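As a basis for the values below, the full set of heavy atoms in this structure was taken, side chains included, without hydrogen atoms, waters or symmetry mates. All values derive from a computational prediction rather than experimental measurement. First the proteins, then the strands, lettered A, B, ... as listed; each starts at 1.
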Amino acid sequence: MSERYNIKETESKWRKRWNDDDAFAVTEDESKPKYYVLEMFPYPSGRIHVGHVRNYTLGDVVARYKKAKGFNVLHPMGWDAFGLPAENAAIERGEHPKKWTHENIASMREQLKSMGLSIDWSREFATCDPEYYAHEQRMFLKFLDKGIAYRKESIVNWDPVDNTVLANEQVIDGCGWRTGAPVERRKLNQWSLKITDYAEELLGDLKDLDRWPEKVRIMQENWIGKSVGLQFKWNIVENDQQVEVYTTRPDTLFGASFLALAPDHPMTKQLCEGKDGFDDFIAECQAHGTSEAAIEKAEKIGFDTGFTATHPLLGRDVPVYIANFILMDYGTGAIFGVPAHDQRDWDFATKYGLDIRTVIQETELASSPCAAPKEGAYTGDGDLVNSQWLDGLSIEDAKADVIKRCEADGSGFGTTQYRLRDWGVSRQRYWGCPIPVVYRNSDGACIAVPDDQLPVELPEDISFDKPGNPLDNHPTWKHTTCPETGEPATRETDTFDTFFESSWYQFRYCDAQNENLPVDKDKAAYWMPAGGGVDQYIGGVEHAVLHLLYARFFTKAMRDCGFVDCKEPFSGLFTQGMVTHETYKDENDKWIFPTDAVKKDGDWVHAETGGKVTIGPSIKMSKSKKNVIDPEEILGTYGADAARLFILSDSPPERDLEWTESGIDGAWRFVNKVYGALSTMDLKDGDESALSDKAKDLRRLTHKSIKGVGEAIEAFAMNKAVAFLREFYNGFTAFKPSDAGDHFALKEAVESFIVMINPVMPHLAEELWALSGHETTLIDQEWPKFDESLLVADTFTIGVQVNGKVRASITLPADADQKMAQDIALAEEKVQRAMDGKALRKFIYVPGRIVNVVVG
RNA sequence: GCGGCCGUGGCGGAAUUGGUAGACGCGCAAGACUAAGGAUCUUGUGAGGUAACACUCGUGGAGGUUCAAAUCCUCUCGGCCGCACCA
């Protein structure tokens, strides 16, 4: 074999060439269809991790493929640069967040570049640059004008570790999404965005996102949590007050047997104060706080207030309870209980001996006498019974009737509820975008900072010595004057949630240098037209209801404020799986790095101590478990192409990928093998007019591969694309040309192969392309086209089944008809044997697929 | 509890959407070249069975539909993810 492939030298040579040529810079070009590929931009932590490698490799394959298919491809990169790690670094190491962030960006940029990504780096930006967040401040003020942004005192989620407010989406199981600390409830003045005004549109447009994973759409749908129902009043008999109740099942009103209020309902205290056992009850409710939500079926407990409420339609009175399973956050914080048709109410009623009245009967059973259900609530479909004038109506009709009646007598109204809450965007932190308002000291009036004073920049001379928000502690920054009156005023010292930045960055790439606007409308219209946004967005599923929901909302808000025409930011979404690795523990049960575990005489031992090592399951890479692989080492040792190949091989991109040493070795071997075989191959121009059967077979493989690889990439089945490429390689390298026709077929195969490995292994592809005599790079090389007519052979081999079992295979001419297939199949000895002398009953022939001989 | 995804060789995974199950890779085995091989090349590799064929079994399990089922239907077991008392 030839000389070894010099990975380092060759790869950096081509990267330099691309860089010198400005190979991936794009501008709007109306003559070509556009394609916008975007991966979720990284937080500049300082080093890339394997998840980034997977993410950006996937995007790069799509970008390079689409470019070869003739699209004008936008593939940008930037930095999600605001956030707490920078402040923590400042506190721990005394380094300024700005410096820390920019240093990290510089080193991560080099790491990403060493992957050989086809990025248009001229569009790069960091969200912490005033040039970026200036636009954010302008948009916010426009939102304020439009009533999309507002400020009010509300109860918020407070993360006691990060010392800041969190949005609802950022609280997972009652704990902060970053810190894992149980959140506290605090009452604060804070800025919010009216995402709830967009609930209906956000929900409705999910239908159109047909290139999104079903899973993400369902998660968003559930998060928005729309429900339609009735809100109406019940009278408390003893004090003549009224309680507002919300229900999605007004049809079951005749089945009501109690009323229940949330423990923190405003009326609860008033009804129960001083009653025996009430304090104990409240204490017990609190004992089962949200943090224990995981505990199965927290028992339903109630407190009988002794009051009764009048059933609005029936005139009958029902008892009023306080119950632990009623949430103040949802609806009105009060319900009427229908034990027969709600399992929770059933449990409650059974425990406290309340009536259970069946009012819905399964349709088929409607005529038979009904009894209270024995084993729980019936929540299925059916018709109304025991409900006077509603009897016999369907559930839907009964709902409509009850709502109409309540609206007529003024006791209530039909209404829609959402689980979604407005997005609180104030954060009491330094390293974020300042909120551009001031408060006049004299009267507290909130005044927008005028346009000519924007951006409100972060001060750089800050101190982290004191706890709390450095902006608040800064000696002078917040003291300013009112732009309207010139009176003393105080700046808002809160900054925006960092999800604010990532909500619109996809637009900024379309026009990253614009000083006057977030994005020029025409440029945005080219890359992100009204009918569709980013063509392919790629990232982790963990943002299903965070970033991905905020960005959708933000896009619609920007549209309503006239910044863009686009209504959905990401028309295509792909969520990749995690990268996992085996875990290793030493004899003291401590995690150790994979590199410290070596195999010796069939056993795993510690490389240094020699102690016994146990291997644990392959799980998500994490620093604490030490099962991490540093991409920089991989890229340095094996090169970018091998790393890219491995990360695309084997596992479908949506599933978890197990990183293995043998896997990356295998990819590296393939890179070398391909180089060795193709760099020494003597390709001759051939003659298409005289093709042997052998040459025809090779052409069929070539065109089958072109079709297969293309379809696999389009379907995001990168593992299959790689398999097709390897199969193709195995085929044409086994081919020994002997005449001019053979040379034609071989050259076609090899050149197609080189172009097709380019999205996966761009450096190797360029090197081989150059070695085979081409002057130009592969940047503008068109994807090979396949000829459908070459995919079919003159003859084909198919299986022959006898009574459904494969017994033989036969070769038929391409145009064989049923009779011919039958003659040839029945002539086959194995078929005869399997038929065992039995009579032919039926003969099935599916051309190109199968033959089935049915006997009996 | 509700919703979603998924069960195929020793392993990761293919299977043109109902048509020769196990493509491609990893691993393993044998051989070749070697001073050496953890390099490279060739061959083999679902299980049982055979000298080799034949044959039998085989896609978590049990039924069913069909000429034909990994694929469709019913039931069932197991794993993963999301939401979680949302009225």
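- For the C1' atoms, the distance linking B/G22 with B/U59 amounts to 9 Å, nearest Å.
- Syn is the conformation of B/U17, whose glycosidic angle sits no further than 90° from 0.
- Contact between the side-chain N/O atoms of A/Lys805 and the OP1/OP2 oxygens of B/C57 is found at a separation under 4.0 Å.
- Looking only at side-chain heavy atoms (C-beta outward), A/Gln231 and A/Val245 stay at 4.5 Å or farther from each other.
- Of the N and O atoms on the side chains of A/Gln576 and A/Arg655, not one donor lies less than 3.5 Å from an acceptor on the other residue.
- With a 3.5 Å ceiling on both atom-pair distances, the Watson-Crick or G-U wobble partner of B/C83 is B/G1.
- Atom CZ in A/Phe348 sits roughly 23 Å away from atom P in B/G1 (whole-Å rounding).
- Taking the P atoms as reference points, B/C11 lies 13 Å from B/G60, given to the whole Å.
- Put simply, the side chain of A/Thr350 does not reach to within 4.5 Å of the side chain of A/Phe348, judged on heavy atoms.
- Figure legend: cation-pi geometry between A/Arg726 and A/Phe670, with NZ or CZ positioned under 6.0 Å from the six-membered ring centre and within 45° of its axis.
- Pairing for B/G10 is with B/C26, a Watson-Crick or G-U wobble pair whose two hydrogen-bonding atom distances lie under 3.5 Å.
- With both ends at atom P, the span from B/A14 to B/G7 equals 9 Å, rounded to whole Å.
- If you look at A/Phe336 and A/Phe258, their ring centroids are not closer than 6.0 Å.
- Note on A/Asn852: a base of the nucleic acid sits closer than 4.0 angstrom, heavy atoms only.
- Of the listed nucleotides (B/C85, B/A54, B/G3), B/A54 has the atom at the smallest distance from the side chain of A/Arg833.
- Across B/A70 and B/G18, the matching P atoms stand 13 Å from one another, rounded to whole Å.
- The partner of B/G58 is absent, by the rule that a Watson-Crick or G-U pair needs both atom distances under 3.5 Å.
- In this structure a side-chain-to-backbone donor-acceptor pair under 3.5 Å is missing from A/Glu828 to A/Ala825.
- For B/A87, the OP1/OP2 oxygens have a side-chain nitrogen or oxygen of A/Tyr330 closer than 4.0 Å.
- Side chain A/Lys300 to base B/C85: a donor-acceptor pair is found below 3.5 Å.
- Each of A/Ile326, A/Asp342, A/Val243 was compared with A/Ile335 under the side-chain contact (heavy atoms from CB on, under 4.5 Å) criterion, and only A/Ile326 meets it.
- The C1' atoms of B/C81 and B/G31 are separated by 48 Å, rounded to the nearest whole Å.
- Of all nucleotides listed (B/C24, B/U40, B/C55), B/U40 comes nearest to the side chain of A/Arg669.
- For B/G79, the O4'-C1' to base torsion is more than 90° from 0; the nucleotide is therefore anti.
- For A/Thr247, the listed nucleotide lying nearest its side chain is B/A87; candidates were B/A87, B/C55, B/A14.
- Contact annotation for A/Asn730: backbone-only contact, meaning every heavy-atom pair under 4.0 Å involves sugar-phosphate atoms and none involves a base.
- Side-chain atoms of A/Ile335 lie closest to B/A87 of the nucleotides B/C24, B/A54, B/A87.
- Pairing for B/A52 is absent, with no Watson-Crick or G-U wobble pair whose two atom distances lie under 3.5 Å.
- Residue A/Thr660 is out of contact with every strand shown, counting any heavy-atom pair closer than 4.0 Å.
- Considering only side-chain atoms of A/Arg655, the nucleotide from B/C85, B/G7, B/A15 that sits closest is B/G7.
- For the pair A/Asn222 and B/C2, the criterion of a side-chain N or O lying under 4.0 Å from OP1 or OP2 is not met.
- For A/Arg419, counting side-chain heavy atoms from C-beta on, the closest listed nucleotide (B/A54, B/A84, B/C67) is B/A84.
- When the side-chain nitrogen and oxygen atoms of A/Arg807 are compared with OP1 and OP2 of B/U56, one or more of them lie within a distance under 4.0 Å.
- Looking at the side chain of A/Leu327, the nearest of the listed nucleotides B/A54, B/A21, B/A87 is B/A87.
- For A/Ser651, the listed nucleotide lying nearest its side chain is B/G13; candidates were B/U17, B/G13, B/C24.
- Note that A/Lys226 lies outside the cation-pi zone of A/Tyr418, set by a 6.0 Å cut-off to the ring centre and a 45° limit from the axis.
- The side chain of A/Val846 has B/G19 as its nearest neighbour among B/G12, B/C24, B/G19.
- Listed nucleotides: B/A54, B/U56, B/A87. Nearest to the side chain of A/Ile326: B/A87.
- When both distances must be under 3.5 Å, the Watson-Crick or G-U wobble mate of B/A70 does not exist.
- Spacing between B/G46 and B/A21 at atom C1', rounded to whole Å, works out to 10 Å.
- Nearer to the 5' terminus of RNA chain B, by closest-nucleotide assignment, is the contact made by A/Lys707 (compared with the other of A/Lys707 and A/Asp345).
- If you check every strand for non-hydrogen atoms under 4.0 Å, A/Ile844 touches a base.
- Nucleotides B/G61 and B/C41 have their C1' atoms positioned 45 Å apart, rounded to a whole Å.
- Comparing the same atom, P, in B/G38 and in B/G27 gives a spacing of 13 Å after rounding to whole Å.
- The residue A/Glu727 sits close only to the backbone: its heavy atoms come under 4.0 Å of sugar-phosphate atoms, none of a base.
- Regarding contacts with the backbone of B/C86, every side-chain N or O of A/Arg421 stays at 4.0 angstrom or more from both OP1 and OP2.
- The residue A/Ser649 sits apart from the nucleic acid: no heavy atom pair falls under 4.0 Å.
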